[in-house]
Amino acid sequence: MASLKDLKNRIGSVKNTQKITKAMQMVAASKLRRAQEAAEAARPYAERMEGVIASLGASVQGNDGASPLIAGTGSDQKHLIVVATSGRGLCGGFNTSIVRAAKAKISKLVAAGKDVKILCIGVKGHAQLKSQHGDKIIELVDLGHVKRLQFSDVAPIGEKILSMYEAGEFDVCSLFFAHFQSALTQIVTDQQLIPVSISEVEQAEDAGGANAAYEYEPTEEEILDALLPRNVLVQLFRGLLENAASEQGSRMTAMDNATRNAGDMISNLTLVYNRTRQAVITKELIEIISGAEAL
Amino acid sequence: MANNMSDTVHFELVSPERLLMDVKADGVLVPAGEGFFMLLPKHAPVLSTIRPGVIEVSEVGKTEPTKLYIKAGFAEVSEKGLVVLAEEAINVADLSKSDVEQKLQNAKEDLEDAQNDDERRNAEEAIKHLSGLLKAVS
């Protein structure tokens with residue numbers, strides 16, 4: 001049985017851990033607020049963009065000259081999976097659940113005989129994927145040094161994806177990220193970036209409503225050609241902003257749980273400590289009394 | 001003040017990061033891909049590209065137009081108003097001529113000192129961007 005001193009030390013160390021988790025929770029809460037604001041501020045642009053593409057895409061789709069970004073390459077043999085995770089740990093099941101979803105999709109594609117390439121954003125996802133799918137990972141982008149995600153941080157990644165697409169290195173690109181619903185729930189989402197998924201466009205059309213007869217300047221096709229690559233960047237940017245908010249939300253919840261667990265542990269340990277202390281006193285008394293009786 | 005919607009243009013400027021401007025204007029001058037157009041109330045729906053240049057927004061109740069430098073984007077005119085999707089927008093009033101000239105000078109020096117293709121390309125882009133800005137300021 002542990003001595004009184006041991007117990008006291010253990011209580012002390014759990015208390016310290018509790019202070020750390022409590023602090024991390026509060027930091028995550030304030031970062032969450034900022035990340036959420038950023039995600040909300042980015043929404044108008046992405047929504048307008050979707051609206052424009054919806055009204056344009058419907059008219060262009062099915063034409064022979066349609067951009068491959070909307071029509072696809074005509075094959076779905078080569079897949080690029082973009083896995084967006086965080087750059088830091090201690091955020092509960094956040095990274096694991098994204099990676100799990102990505103792994104499920106990869107296994108499915110491999111079983112169907114497709115070629116799969118993986119692009120990791122964030123070191124945590126890379127660490128979890130490399131043991132099983134290390135040969136498929138083509139690049140790791142670390143955004144750990146970025147404090148506040150700007151569009152200019154994301155643009156190079158998107159441009160790289162686009163140039164790979166032009167070079168014919170893949171046919172379909174999908175993005176795995178956690179959609180932020182609330183601090184408690186984040187939904188792992190598999191979004192198809194390239195080609196632009198039609199259902200999504202139709203949805204936006206339903207929501208956006210007005211399919212007004214626009215005049216185009218220059219032509220419909222030229223505008224669409226300029227707009228579609230931009231759309232890929234914007235969708236990626238939006239996904240990463242959502243991801244950042246989800247990460248902080250998940251961390252906040254995880255640290256809240258940790259703080260509560262530490263509290264439980266402290267009360268249990270204190271109970272054991274007090275019981276041991278009483279046992280020691282009783283033992284001393286018995287020793288004194290039995291010593292006196294022996295005389 | 002009951003402002004009739006059709007007498008003004010509802011102007012929105014959005015960048016990927018956030019909504020930058022949301023105002024009512026008497027008219028907006030847009031540097032479209034095929035030349036400038038002045039957008040007045042009751043304009044027909046148009047979808048157009050924007051080339052780097054200055055947008056002039058004549059806000060309701062202001063005598064001087066607000067000038068904004070836009071680095072490429074799209075303009076969508078619908079019955080609801082004008083929406084500009086801009087990659088980057090800078091208020092011209094926030095810029096000083098000497099500052100931009102200084103930066104342009106720096107960029108030119110960077111170009112001369114460039115060691116490889118990447119650096120050269122960056123410097124050239126910066127020069128293009130800054131000379132557009134300089135034109136906007138002067």
Side-chain angles (χ1 to χ4, degrees), chain A residues 34-35 37-57 59-60 148-156 158-159 208-241, chain B residues 5 10-23 28-40 42-53 55 70-90 117-119 121-122 125-126 129:
Chain A
R34 249 183 292 152
E37 273 164 21
E40 270 162 26
R43 217 161 275 162
Y45 192 91
E47 276 169 9
R48 300 279 142 69
M49 191 84 135
E50 266 170 20
V52 174
I53 289 190
S55 50
L56 270 176
S59 58
V60 171
R148 253 193 118 152
L149 196 69
Q150 301 280 330
F151 188 66
S152 51
D153 297 320
V154 179
E159 272 154 21
N211 199 350
Y214 284 103
E215 273 173 42
Y216 297 97
E217 189 191 301
T219 62
E220 240 168 80
E221 280 80 12
E222 271 175 75
I223 290 182
L224 205 57
D225 281 350
L227 205 62
L228 285 170
R230 172 76 5 100
N231 181 53
V232 172
L233 300 190
V234 169
Q235 296 304 337
L236 187 65
F237 180 58
R238 191 195 197 182
L240 288 181
L241 279 177
Chain B
M5 267 300 284
H10 182 88
F11 172 70
E12 272 182 39
L13 177 65
V14 266
S15 81
E17 274 114 12
R18 62 206 166 91
L19 186 69
L20 292 169
M21 245 179 128
D22 187 352
V23 294
V28 185
L29 186 67
V30 183
E34 314 260 281
F36 286 86
F37 69 80
M38 183 72 190
L39 186 97
L40 292 169
K42 295 176 184 167
H43 197 288
V46 167
L47 195 64
S48 167
T49 53
I50 294 179
R51 65 192 155 82
I55 287 192
I70 305 281
K71 193 179 154 191
F74 301 92
E76 186 198 9
V77 184
S78 65
E79 65 270 36
K80 285 181 217 130
L82 168 69
V83 178
V84 173
L85 302 175
E87 198 177 319
E88 209 184 316
I90 305 162
D117 282 350
D118 268 350
E119 279 179 24
R121 206 175 314 124
N122 285 342
E125 249 169 49
H129 176 53

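Keep in mind that the numbers below use all heavy atoms, side chains included, and drop hydrogens, waters and symmetry copies. A, B, ... follow the sequence lines: proteins, then strands. Residue 1 opens every chain. Keep in mind the model is a prediction, meaning the values are calculated, not measured.
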K.L.:
Contact part of B:E88 toward chain A, heavy-atom cut-off under 4.5 Å: side chain, backbone, both or neither?
P.N.:
neither
K.L.:
Tell me which of these, A:V234, A:V154, A:L227, has more heavy-atom pairs under 4.5 Å with chain B than the rest.
P.N.:
A:L227
K.L.:
For the residue pair A:F237 and B:E17, establish whether any side-chain heavy-atom pair is separated by less than 4.5 Å.
P.N.:
yes
K.L.:
With rounding to the nearest 0.5 Å, note down the distance linking CZ in A:R230 to CD in B:E87.
P.N.:
4.0 Å
K.L.:
Can you say whether A:Q150 sits under 4.5 Å from chain B via the side chain, the backbone, both, or neither, judging by heavy atoms?
P.N.:
both
K.L.:
Taking every non-hydrogen pair under 4.5 Å, which of B:L47, B:L19, B:V14 racks up the most with chain A?
P.N.:
B:L47
K.L.:
To the nearest 0.5 Å, what is the distance between OG1 on B:T49 and CD on A:E222?
P.N.:
8.0 Å
K.L.:
Could you tell me which portion of A:L233 (side chain, backbone, both or neither) has an atom closer than 4.5 angstrom to a non-hydrogen atom of chain B?
P.N.:
neither
K.L.:
Counting only heavy atoms closer than 4.5 Å, note whether A:R43 contacts chain B via side chain, backbone, both or neither.
P.N.:
neither
K.L.:
Of the non-hydrogen atoms in B:L85 and A:Y45, which two are nearest, and what is the gap between them?
P.N.:
CB-CE1, 3.6 Å
K.L.:
What distance do B:F74 atom CZ and A:M49 atom CE have between them, rounded to the nearest 0.5 Å?
P.N.:
6.0 Å
K.L.:
Using non-hydrogen atoms only, which part of B:A86 is less than 4.5 Å away from chain A: side chain, backbone, both, or neither?
P.N.:
backbone
K.L.:
So what's closer than 4.5 Å to chain B heavy atoms on A:A38: side chain, backbone, both or neither?
P.N.:
backbone
